[in-house]
K.L.:
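Structure in structure tokens, see below.
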Amino acid sequence: MSTTSPVAPATGQAPVRRISYSRAINEAMAEEMERDERVFVMGQDVGAFGGVFGLTRNLYKRFGADRVIDTPISETFLVGGGVGAALTGLRPIVELQYADFLWNAGDEVIGKMSKWRYMHGSLFTVPMVLRLPEGAAGGAGPEHSTCPEAALLPATGTYIVIPSTPYDAKGLLKSAIRDDNPVAFFEHKGMYGLKGEVPEEEYTIPLGQADIKRAGSDVTVIAWGRLVHRALEAAELAAAEGIDVEVLDPRGLRPLDVEAITRTIEKTGRVVITHEAGRTGGAGAEIAAIIAETCLTSLEAPIRRVCGIETPIPQSLHLEQFIIPTADDLFQAIKETAAF
Amino acid sequence: MSTTSPVAPATGQAPVRRISYSRAINEAMAEEMERDERVFVMGQDVGAFGGVFGLTRNLYKRFGADRVIDTPISETFLVGGGVGAALTGLRPIVELQYADFLWNAGDEVIGKMSKWRYMHGSLFTVPMVLRLPEGAAGGAGPEHSTCPEAALLPATGTYIVIPSTPYDAKGLLKSAIRDDNPVAFFEHKGMYGLKGEVPEEEYTIPLGQADIKRAGSDVTVIAWGRLVHRALEAAELAAAEGIDVEVLDPRGLRPLDVEAITRTIEKTGRVVITHEAGRTGGAGAEIAAIIAETCLTSLEAPIRRVCGIETPIPQSLHLEQFIIPTADDLFQAIKETAAF
Amino acid sequence: MLTPETKIAIYRMMYLAQQWEMQLLRFLDDGQVSGFYHAGRGHEALEVASMMAVRTDDYLLYDHRGCAHMIAKGMSMVELYGDFLGNDKGSTTGLGAGIVHIADPAHGVLGQSGTLGGGHVLAAGAALSIKIRKTDQVAVNFFGDGAANRGTFHEGANVAGAWKLPMIYILQNNGWAISTPQARVTAVEHFSERAAGYGMVGVTIDGMDPWLVYETMAEAVERARTGGGATLIEGMVNRQRGHYEGDPMTYRPDEEIAAAKALDPVPATRQRLVDEGVLDDGALTELETEVLAEVQAAAAEAQTGTLPGRERLDQGVYA
Amino acid sequence: MLTPETKIAIYRMMYLAQQWEMQLLRFLDDGQVSGFYHAGRGHEALEVASMMAVRTDDYLLYDHRGCAHMIAKGMSMVELYGDFLGNDKGSTTGLGAGIVHIADPAHGVLGQSGTLGGGHVLAAGAALSIKIRKTDQVAVNFFGDGAANRGTFHEGANVAGAWKLPMIYILQNNGWAISTPQARVTAVEHFSERAAGYGMVGVTIDGMDPWLVYETMAEAVERARTGGGATLIEGMVNRQRGHYEGDPMTYRPDEEIAAAKALDPVPATRQRLVDEGVLDDGALTELETEVLAEVQAAAAEAQTGTLPGRERLDQGVYA
Ligand SMILES: Cc1ncc(C[n+]2csc(CCOP(=O)(O)OP(=O)(O)O)c2C)c(N)n1
Ligand SMILES: Cc1ncc(C[n+]2csc(CCOP(=O)(O)OP(=O)(O)O)c2C)c(N)n1
Ligand SMILES: [Mg+2]
Ligand SMILES: [Mg+2]
């Protein structure tokens, strides 16, 4: 795991530039490709076109066709080929066009990328990053809109990283690329345009450290990815009613910062867990279970999960808007949890 | 869903015959193929050979090559082709040689079998059963030994059934075959030889009804599949120390009998959840979360999960024995939970 | 048989599909359409003429490129518009919304896999079902040169060949998968070269020539219905517009786009009818006027639909 | 070049692989072996002679059928036995145990995918890596006629052809996938017919003829090293024993098994050396005695290993 410590965005100093979440990701890739010639990118339309969401813009021009590779529509090759390249001295960044497509390479993700090292007696490392644009945005439908991060929870061997801000995205992606283990890196498509402070200077953020996005003492909301922002909005709504909300962003699911979770629960005694994926089988269950195991006696109210709809995500933009928890949904859950 | 009510094994009457778990499954298929000519079986070596674990024995002879089909090693076809057949008037039973291979057809399972109906405006039904031999047995290694049932929790649209006895296996499989929804049917390979009472008369068991395998008042153990038997052993050990254990077998994960879970928790106030899959991202998390949401105030002790090892399952038989929770592991957890 | 009536019917349907799409693009411009649309301009001859050679009870797994195949298969224009408008006039009554998840069991339209290439194996399963049920239907699966490289093609095509399934794979080769030209990711020039390796008949044809498409398809259908097994038809076509509406198309030389547009199969087919003396300009104009009125009526009808409410979301998940 | 020395080296390695396996079967009979074993008897010529034509730094993704390819690639017999005995003498020091998860980075042995066909894409990735790193290595992927029908083959072979990767696919066609004969699930007689569709050279050869295997492989390796791209070599072989040890083989006619055994490549190659005047019986017997001693020494050494303890379980999961 990366050992560089996090650089907090400078405060009270010269203003830090603001760039988008997608630019932050693009910069992380460019800097790491510059730094280490073993790093290369492959995916559908990542070359001259710059990726369907523009994430690989300019990389092709800068690093050439050998290191920025347009692939066919062959997801088992994308992931399995990435593993093969990682086993033989390279450090691939593989972009799937949509996170949902990890199912097209299910065995390559679960059975090969995650297990190869362990099942071959730890004789190899598999230093690869699988970039996974996820989430509901723009009516892309049931097969292009999910947040399948929980699917990788049982895939011991693979780290799971989910940044919620441009700052986190850049710092975490750089650590992921430098890490010798496979990392599934989930980027919410609905945040690509989101701007935030990202220093000019180089920094990395270690994998597996939660971040308190807002400190508070009454109720904890555990949120990641795009829902961090809805949680922060909900916290403002709650503040207006005198409820002091802490928003904890685990910034990923493995390594999971259980200590930070325990700490916040011990502090507030009340917790709402939220994610865009449906409740059943979502990663909120794992976090809820850990809390119920390790700090049940600190709980002063039942655990609440506020999650996306359980059904497949409808294609219709009109219906899509109903599927994701809103700040208001969260605010209601916070109020009830505080009042319990 | 099936509406036939369950027939409990006769007690205090003429002795009920005892057959193996695999024979029970075989009988269920044969009876349903007899009853409905739309039912057919496909899979690798399911024909004259009778399946690598012998589950389809004699079906080929009885129903012929048109209804018992040997396929190539093509799991995306097995599942996706099953969906295509189910959409066009047939009722396929698809056998994967190992449950782990569902990842080879990840998109077909998650994206097609589970979602096709909903995402096409409910215009179709997908009446298929995916039979999935799961679990660690005989040193089959990391890619042939897992219990991946939790992977299907987010796959709304597909039922998840996991029988723990020959009686349950037969009754549940018959219901699964008759059901108009896709059913993932997990059979533990380590139980194929297990014998139990199965009446001669026809019966079915509705999907989604938990079964109390042992009634008790002090601590609840929620267990399914092969671990039901270890839980029952552990209950005997606990009984010897005066702890009265209830063993609840949900017999599957969807529909999930939340009412039965709530009822037992309200009764005992203490719960140990166990499964063979690793703890992280296992289905125990979902059940723990439901309990922490719905009956937290009934809990008198932290929830305990006693699960398989987190790492990939080692190939070595010698190491394999260490990965699955034993009756003794469960007994320890029960004791601690009772004493909390 | 390619009678004059069939030729007229094919042109009529091509023109209708084109006009249907033009009106859809207007809906899109007006912001009334949910999600993405991948225009089918340039693919009409292949999609229409092939579907005119099958029956209502034959199965279709369409692809995302336009809607001409679905229209030619008999789907209602109103339902199709309703699907894009996301309202209850749609085939999925507002749940699907747009291409990817249109369906019509009564016309054998089984739907589409949004993960491209998912249809390769589903269609093979439908074809197996036909064989088991001993009917004389056929199953047709459309896909592009990009989706041809999914592993599912291998698995579907292999059983289709091995078991002589009544299966027809129609590959719409427009040379592009979004920004990726075929030659960058595929060694062979024609995917039909892969057919023999599966025991399928494989042919590459000019997909802009509807007469040829119809005849090739009729032959494949006949083969499938009579136990002769599967066929891969690769039709060479031109994608006239962007991959999706809004695509900047930076990757494609202007001359190539201009050349593609010059080869528009709709006016070319019209001219052919005149040249072959099947219909004169006057009759064609009349036919077109009639079609336009149908399209406009369908568009108007579809716009009377209502958007589904939130309560619709958890309906119909289970049978 | 197939010099007399090479011929002798090939036979020596074939005999060694066979004797190595016979001793392994004794370990199996004694209940000392963990898990399943899929004997390679009948496949020795193909596995050995092909691996004698590559270098130590070339990559190998082997298949589950025997261990002759790994032995010929240079792996230590002790490590291989250790893997089956599940002890710390094994290449995976007891964690893997047995075929499926043997590996040896120093000899380019990258491991195996237990889900058959997983290697098709991993190997293509290794070949891509060679191309990016601009070395002159090659990547070799072994698989059977059964695993040839996995979709991963399509995806791996397609890029191998399109990008002219230094990739060699070796298909061990023994006609059976467990109980399923090739013809039941595949239309073509020879999988090499599929190579051209990917832009690969494809050949079918007698996989029982080690000289031919060696020369065919040497040519493919030369092509791969010099930028000429990928090759599919289909070697026709015979599976002499059950799919796994313990297989009742009810599905296979006795005559077929007898015929397969009669074609044993090990004695046939021995005879050929004599017939060609390369070595006489006396010299061969001497060589065999030497080999037997090596095998026995390796077996003895491997048995001195220790089984790993429970604490080993969570070691080395992460780098
Ligand atoms: C499995 C999968 N991978 C990637 C995509 C994203 N995608 C949508 S359309 C497309 C290009 C398709 O090209 P082609 O098959 O040639 O059809 P065309 O658009 O040219 O008609 C891609 C890559 C997808 N939908 N599914
Ligand atoms: C993806 C996958 N499907 C099924 C299996 C089970 N399986 C193991 S060996 C085998 C037959 C393999 O046949 P073939 O590839 O011809 O190799 P052979 O055993 O004949 O050497 C099967 C079906 C598997 N391991 N992986
Ligand atoms: Mg295309
Ligand atoms: Mg074979």
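Residue numbers start from 1 in every chain, and the chains themselves are labelled A, B, ... in the order their sequence lines are given, proteins ahead of strands.
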K.L.:
Which bit of T93(D) comes within less than 4.5 Å of chain A, counting heavy atoms only: side chain, backbone, both or neither?
P.N.:
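Answer is neither: T93(D) stays 4.5 Å or more from chain A.
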K.L.:
Which heavy-atom pair separates R117(A) from G316(D) by the least distance, and what is that distance?
P.N.:
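Shortest heavy-atom contact: NE-O, 3.0 Å.
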K.L.:
I need the minimum non-hydrogen distance between Q112(D) and M119(A), along with the two atoms involved.
P.N.:
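Where Q112(D) meets M119(A) most closely, the heavy atoms are O-CE, 4.4 Å.
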K.L.:
Check the pair T76(A) / H120(D) against side chain to side chain contact (heavy atoms under 4.5 Å, CB included), numbers first and verdict last.
P.N.:
CA-CA 9 Å; T76(A) 73; H120(D) 300 315; over 6 Å; no
K.L.:
Heavy-atom distances under 4.5 Å only: say whether R254(A) touches chain D with side chain, backbone, both or neither.
P.N.:
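The answer is the side chain of R254(A).
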K.L.:
Has K89(D) got more than 12 heavy atoms of other residues, nucleotides or ligands less than 6.0 Å from its NZ?
P.N.:
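More than 12 within 6.0 Å, yes.
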K.L.:
Evaluate whether atom CD of E259(A) has more than 12 neighbouring non-hydrogen atoms of other residues, nucleotides or ligands under 6.0 angstrom away.
P.N.:
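No, CD of E259(A) has 12 or fewer neighbouring heavy atoms, counting only those of other groups under 6.0 Å.
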K.L.:
Which atoms of V317(D) are under 4.5 Å from chain A, going by heavy atoms: the side chain, the backbone, both sets, or neither?
P.N.:
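Interface part for V317(D): both.
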K.L.:
Only pairs of heavy atoms separated by less than 4.5 Å count here; which of L110(D), D83(D), L61(D) has the most with chain A?
P.N.:
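Looking at each option in turn, the highest pair count goes to L110(D).
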K.L.:
Could you grab the distance from atom CG of L90(A) to atom CG of L128(D), nearest 0.5 Å is fine?
P.N.:
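Result: 7.5 Å between the selected atoms.
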K.L.:
Step by step, would you call Q315(D) with S122(A) a side chain to side chain contact (heavy atoms under 4.5 Å, CB included)?
P.N.:
CA-CA 8 Å; Q315(D) 282 169 18; S122(A) 312; over 6 Å; no
K.L.:
Under a 4.5 Å cutoff for heavy-atom pairs, which residue among D107(A), L87(A), L78(A) has the most contacts with chain D?
P.N.:
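Most heavy-atom pairs within the cutoff with chain D belong to D107(A).
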K.L.:
Non-hydrogen atoms of chain A under 4.5 Å away: do they reach the side chain of Q137(D), the backbone, both or neither?
P.N.:
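For Q137(D), neither part sits under 4.5 Å from chain A.
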K.L.:
About how many Å separate NZ of K131(D) and CD1 of I69(A), when rounded to the nearest 0.5 Å?
P.N.:
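With rounding to 0.5 Å, CD1 (I69(A)) is 7.5 Å from NZ (K131(D)).
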K.L.:
Need one label for I102(D): side chain, backbone, both or neither, based on atoms under 4.5 Å from any heavy atom in chain A.
P.N.:
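Only the backbone of I102(D) comes within 4.5 Å of chain A.
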K.L.:
Once rounded to the nearest 0.5 Å, what's the spacing between atom OG1 of T156(A) and atom OH of Y318(D)?
P.N.:
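Rounded to the nearest 0.5 Å, the OG1-OH separation comes out at 5.0 Å.
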K.L.:
Please state whether the side chain, the backbone, both or neither of L122(D) comes within less than 4.5 Å of a heavy atom of chain A.
P.N.:
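Backbone plus side chain of L122(D), per the 4.5 Å heavy-atom cut-off to chain A.
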K.L.:
Could you tell me which non-hydrogen atom of T88(A) sits nearest to which non-hydrogen atom of S129(D), and how far apart they are?
P.N.:
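Closest approach of T88(A) to S129(D): OG1-OG, 2.8 Å.
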K.L.:
Compare every heavy atom of T92(D) with every heavy atom of H120(A), then report the nearest pair and how far apart it is.
P.N.:
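In this case the closest contact between H120(A) and T92(D) is C-CG2, 3.7 Å.
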K.L.:
For chain A, which candidate among I132(D), T152(D), V121(D) shows the most heavy-atom pairs at distances under 4.5 Å?
P.N.:
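Top option by heavy-atom pairs under 4.5 Å: V121(D).
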K.L.:
If you count heavy-atom pairs under 4.5 Å between each of S113(D), G90(D), G118(D) and chain A, which one has the most?
P.N.:
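The residue among S113(D), G90(D), G118(D) with the greatest pair count is S113(D).
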K.L.:
Pick one of side chain, backbone, both or neither for L165(D), based on which atoms fall under 4.5 Å of a heavy atom in chain A.
P.N.:
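No part of it gets close to chain A.
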K.L.:
Looking only at non-hydrogen atoms, find the nearest pair between A319(D) and N181(A) and report the distance.
P.N.:
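The answer is N-OD1, 2.8 Å.
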K.L.:
Taking all non-hydrogen atoms of both residues, which atom of F77(A) and which atom of A124(D) are closest, and how far apart?
P.N.:
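Closest heavy-atom pair between F77(A) and A124(D): CE1-CB, 3.8 Å.
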K.L.:
Tell me which of these, G81(A), S74(A), A86(A), G121(A), has more heavy-atom pairs under 4.5 Å with chain D than the rest.
P.N.:
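It is S74(A).
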K.L.:
Can you confirm whether R57(A) is buried at CZ, in the sense that more than 12 heavy atoms of other residues, nucleotides or ligands lie under 6.0 Å from that atom?
P.N.:
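Count not over threshold, so no.
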K.L.:
To the nearest 0.5 Å, what is the distance between CZ (R133(D)) and CG (D66(A))?
P.N.:
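These two atoms lie 12.5 Å from each other.
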K.L.:
Strictly less than 4.5 Å between heavy atoms, which residues of residues 29-52 of chain A line up against chain D? Please order them by number.
P.N.:
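The stretch touches chain D at F40(A), M42(A).
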K.L.:
Heavy-atom distance under 4.5 Å to chain D: side chain of S114(A), backbone, both or neither?
P.N.:
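Contact with chain D involves no heavy atom of S114(A) at all.
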